[in-house]
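Since the structure comes first, as structure tokens, the remarks are kept for the end.
Only heavy atoms go into these numbers, but all of them, side chains included; no hydrogens, no water, no symmetry mates. Proteins get letters first, then strands, A, B, ... in listed order; numbering begins at 1 in each.
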There are 2 protein chains.
Amino acid sequence: MRKQTVTAEDVAKRAGVSRAVVSRALSSNGSISPSTKEKVLRAAQELGYQVNFLAQGLNRQRSHLIGVIVARIGDPFRSSLLEGLLHEIQRRGYQALVTEITGEQDLTPTLRRFTQFRVSGVIVTSGKPPETLVNECVSQQIPVVGINRQPDIPLVDFVCSDNDSGAYQAAEQLFHSGCRRFGWLNNRGSTWAGMMRGEAFYQALHQLGVDTQRHISDITASEEGYEGGFQAARAWTGELPAGIFCANAQLACGFLDGMRQRGKFAPQDFHLIGFDNTPQSGQFSYQLTTLHQDVSEIARRALTRLLERAKNPLQPSRIEWVKVELIHRQTSPRIG
Amino acid sequence: MRKQTVTAEDVAKRAGVSRAVVSRALSSNGSISPSTKEKVLRAAQELGYQVNFLAQGLNRQRSHLIGVIVARIGDPFRSSLLEGLLHEIQRRGYQALVTEITGEQDLTPTLRRFTQFRVSGVIVTSGKPPETLVNECVSQQIPVVGINRQPDIPLVDFVCSDNDSGAYQAAEQLFHSGCRRFGWLNNRGSTWAGMMRGEAFYQALHQLGVDTQRHISDITASEEGYEGGFQAARAWTGELPAGIFCANAQLACGFLDGMRQRGKFAPQDFHLIGFDNTPQSGQFSYQLTTLHQDVSEIARRALTRLLERAKNPLQPSRIEWVKVELIHRQTSPRIG
DNA sequence: TTGAAAGCGTTACCAA
DNA sequence: TTGGTAACGCTTTCAA
């Protein structure tokens, strides 16, 4: 019975050279004459040689793996972000190691596992990794980048959608549509990004001359997602604000439906602007005016930051803000 | 400058034993006295020792990685299936290697990459891997399991939702609701699962005494997903069938919206039953009657099959049908 | 430009 | 029960 897998040794033998030469031919790392290189390549081809990434990684102290931490993939925005990341990771010749966490407590074992695989980098799209853990990564020269997370960890880069700009655009759209009473819809225990959007919304309205104490109401959902928005709408008792801004699309769609059930519709009875521009928000039944997050661009930048920091691990932390764009749909139609 | 990573050697030194003993203490594989085992474990703990999975995998010829092939994660059903798989993979102590493919042509490089990482198994949720490639896996003792794929590859196991049963349940529900003219909605270039559902629907209606030649119409969407269903509804010219069964939830929601735009509503103007029970299908705006696919159960069985075949690579191919359940909602209300 | 050899960190076999 | 040692497959000095 012959050996199952063909190794560099086999290729070397066939090409009449040494293992070392084979390595050089394939990694184009170290000098080699064009003719032997071709000879080796042909031999490798003929034998169907495939590098053993485990051995390669062990030797180089780094695999071609990139760890991705996600949560609640069922959420449409999250899954589209993951899709963007996978695409970009593969495009750059890496392979994604994906872990879904269900809470902060999963972060430690996950990050640890990633280091055990000697990943080339870690992308965090959910949770807030404890600083000590991140330091472990840093000390092992593993770059970490956070997406839409609070950018306050040294030596970690962040790529975030421009929440401020989004909130301003929303505030202006609502204000110039004639709204004078406003609502801010978010769920209890929101993400950092959600909270940023809320704060910026208040600020923007303040700058537009709105009395933020008296004319903005917080609408707080007791849970996240569609269900949270739905319940919040059903539970709302006060007067309905004319213009409502919402932390994300799922909440917004739920709110829309909850209000619909009470016989209230946008844009007739209130305006509503969401965030994320998930596929669902564009569907006929919702047609939600919303801020588009450019997941492809976010993914591209995240990878760029990762690879750059791999070369230069101690450079200061960088934060990149990715432009968001207001998509005008029915729940707050374009003005004029 | 001290060494960056702590190795088994370091632990051995500290515990006053050999590397081999350390290995045994951690893998509980090979005999070791309880006292030394504890000693080693403590030393490992104190040093914060973590096994290098690359080295381990290289030696054992198998990593603790499981490759997962997906496509269009943006689709709600697909992302929930992925979620289920990730959960199950992690629960069993493995780590998922996820690759998104955009077409059949991505399959070969992906599968090849998986073998280069010496994965413990491959789960295919999209695409139909060429038999030669699968044989490569088989010859390397890498188990492959397909989910909702056509079960016709030797030495590969399959886990599928019970499309037949689902189609029968749908047919009965529609028939007993009084429908006598039927429609089957699917998109051009559908998946195998979609086609199975259609065939079974025809069969079921036939058994119920329906003249399948004259009383069932094919409604064929020119593209998949919501958009496809929406367009199909807008483009439909014939008489609207009383009871429509649809290959999946996205198509169904799109169809519902497309009809809604034309002033036609379910269940007043027609009945509609979808497949998948995605979160969206339960939302207030759709309330789609649909067949629930149990993704957790599918994931569990897939992993079970994978691990079992790892032990016994040459056993005959197995197909498991996972029960589906009709969820009664508004588009075809429960009878009686 | 090439080859020999020394690792990379584990595990598994074989003696002791 | 233990320790030595030979793999696992690749990369990378260092000489030649």
Item checked: Residue among B:L97, B:I89, B:T99 satisfying side chain to side chain contact (heavy atoms under 4.5 Å, CB included) with B:V68 -> B:I89
Notebook entry, point to check: Out of D:dT11, D:dC14, C:dT1, which nucleotide sits closest to the side chain of A:R24?
Noted result: D:dC14
Item checked: Distance (rounded to the nearest 0.5 Å) between A:T125 OG1 and A:L85 CG -> 7.0 Å
Next item on the list: When you get a sec, tell me which of D:dG9, D:dG3, C:dT10 is the closest nucleotide to the side chain of B:A20?
Entry: D:dG3
Note to self: Any base atoms under 4.0 Å from A:Y49, or only sugar-phosphate, or nothing? Heavy atoms, all strands.
What the structure shows: sugar-phosphate
Check: NA contact type, A:T36, heavy-atom cut-off 4.0 Å: base, sugar-phosphate, or nothing?
Finding: sugar-phosphate
Notebook entry, point to check: Expressed in angstrom and rounded to an integer, what is the separation of A:K13 atom NZ from D:dG9 atom P?
Noted result: 12 Å
Notebook entry, point to check: Across the strands shown, which category fits A:A8 at heavy-atom distances under 4.0 angstrom: base, sugar-phosphate, nothing?
Noted result: sugar-phosphate
Check: Which whole-number value in Å describes the distance from B:Q61 CD to D:dC10 C1'?
Finding: 14 Å
Next item on the list: Would you tell me if any nitrogen or oxygen in the side chain of B:S27 comes within less than 4.0 Å of OP1 or OP2 on C:dT10?
Entry: no
Next item on the list: May I ask you to say what B:V22 touches in the nucleic acid, namely base, sugar-phosphate or nothing, with a heavy-atom cut-off under 4.0 Å?
Entry: nothing
Next item on the list: Write down the atom of B:R149, the atom of B:F158, and the distance for their closest heavy-atom approach.
Entry: O-CD2, 3.7 Å
Notebook entry, point to check: Do B:R118 and D:dG9 have a side chain to base donor-acceptor pair shorter than 3.5 Å?
Noted result: no
Next item on the list: Remember a base hit wins even if backbone is also touched, and classify B:Q116 as base, sugar-phosphate or nothing at under 4.0 Å, heavy atoms.
Entry: nothing
Next item on the list: For A:I32, report the nucleic acid contact type (base, sugar-phosphate, nothing); a contact means any heavy atom under 4.0 Å.
Entry: sugar-phosphate
Item checked: A:T5, nearest nucleotide to its side chain (from D:dG9, D:dT1, D:dG4) -> D:dG9
Item checked: Options C:dT11, D:dT11, D:dC10, nucleotide nearest the side-chain atoms of B:Q56 -> C:dT11
Check: Taking atom C1' of D:dC10 as reference, at what distance in whole Å does atom CG of B:N59 sit?
Finding: 14 Å
Notebook entry, point to check: How would you label the contact of B:V17 with the nucleic acid (heavy atoms, under 4.0 Å): base, sugar-phosphate, or nothing?
Noted result: sugar-phosphate
Note to self: In whole Å, I'd like the distance from the CG atom of B:N29 to the C1' atom of C:dT11.
What the structure shows: 9 Å
Notebook entry, point to check: How is A:S23 classified with respect to the nucleic acid when contacts are heavy atoms under 4.0 Å: base, sugar-phosphate, or nothing?
Noted result: base
Notebook entry, point to check: In whole angstroms, how far is the C1' atom of C:dC8 from the CG atom of A:N52?
Noted result: 13 Å
Next item on the list: Determine, for A:R305 against A:E308, whether the closest basic-nitrogen to carboxylate-oxygen distance falls under 4.0 angstrom.
Entry: yes
Check: If you look at every strand shown and take non-hydrogen atoms under 4.0 Å, does B:S31 touch a base, only sugar-phosphate, or nothing?
Finding: base
Next item on the list: Answer yes or no: is there an ion pair linking A:E320 with A:R301, defined by an N-O contact shorter than 4.0 Å?
Entry: yes
Next item on the list: Identify the two heavy atoms, one from A:V156 and one from A:V145, that lie closest to each other, and give their separation to 0.1 Å.
Entry: CG1-CA, 4.3 Å
Next item on the list: Using whole Å, report how far CZ of A:R62 lies from C1' of D:dT12.
Entry: 17 Å
Item checked: B:R19 side-chain proximity, nearest of C:dG9, C:dT2, D:dA6 -> D:dA6
Next item on the list: Check the distance between D:dA7's P and B:L54's CG and give it to me in whole angstrom.
Entry: 22 Å
Margin query: I want to confirm an ordering. Mapping B:G16 and A:L26 to their closest nucleotides on DNA chain D, which one lands closer to the 5' end?
Written below: B:G16
Check: Counting side-chain heavy atoms from CB outward, which of C:dA5, C:dC8, C:dA12 is closest to A:L58?
Finding: C:dC8
Margin query: If I take atom CZ in residue A:R60 and atom P in nucleotide D:dC10, what distance separates them, rounded to the nearest angstrom?
Written below: 11 Å
